[in-house]
Amino acid sequence: MGFMGGVFKILGFESESKPKTSKKTKGVTKATYSLKKANSRPEQIDGISVYYPEKKEQCKEFVVFSKEGKAIIISTECCSSEDCNGVIDFLNGFVLGANARLITLNENKLFLILPEGMEVEG
């Protein structure tokens, strides 16, 4: 309608309203393709849940599973070097207090926490 159309309507001059039409294009297909890399991080390895903390504060959420008698894998690939050291320190302290075992699977990047009484089959 626009500004002038509003002024004319207020003054009593009705304008003809045109129906809105949409432009249709024939034969044009829009492609939907994402260039983002697919999430290649596994959620489980051999039935054991894998967690990817970014900060050491997030480790507190994961140790609950170990307290419940479930083995967990912690990956520090998403951490900065400072946070990675904090995660490793936290895990070392936790396994001492919980009588669990911490097994390094991949040079300070992947750790397996086994609760007390659980063993690895080899």
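On a predicted model such as this, the values are computed, not experimentally measured, just so you know.
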Is there side-chain contact between [X] and [Y], with heavy atoms separated by less than 4.5 Å?
X	Y	answer
I74	L91	yes
I88	F111	yes
D89	V87	no
K60	F90	yes
L114	I103	yes

Nearest atoms (heavy-atom pairs only) where [X] meets [Y]:
X	Y	answer
A71	M118	CB-SD, 3.7 Å
A100	P115	CB-CA, 4.1 Å
C79	C84	CB-N, 3.7 Å

Rounded distance [0.5 Å steps], [atom1] in [X] versus [atom2] in [Y]:
X	Y	atom1	atom2	answer
C78	K55	SG	NZ	12.0 Å
I72	Y51	CD1	OH	6.5 Å
L112	T104	CG	OG1	9.5 Å
L105	S75	CG	OG	10.0 Å

Pair D83 + K56: basic N to acidic O under 4.0 Å: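 K56 and D83: not salt-bridged.
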
Stepwise side-chain contact (heavy atoms from CB on, under 4.5 Å) test for R101 and E119: CA-CA 9 Å; R101 288 192 334 168; E119 295 293 325; 4.0 Å; yes

Test salt bridge (charged side-chain N to carboxylate O under 4.0 Å, His left out) applied to E68 and K70, step by step: CA-CA 6 Å; E68 294 173 354; K70 298 177 184 176; 3.7 Å; yes

Stepwise side-chain contact (heavy atoms from CB on, under 4.5 Å) test for Y52 and T76: CA-CA 6 Å; Y52 301 89; T76 58; over 6 Å; no

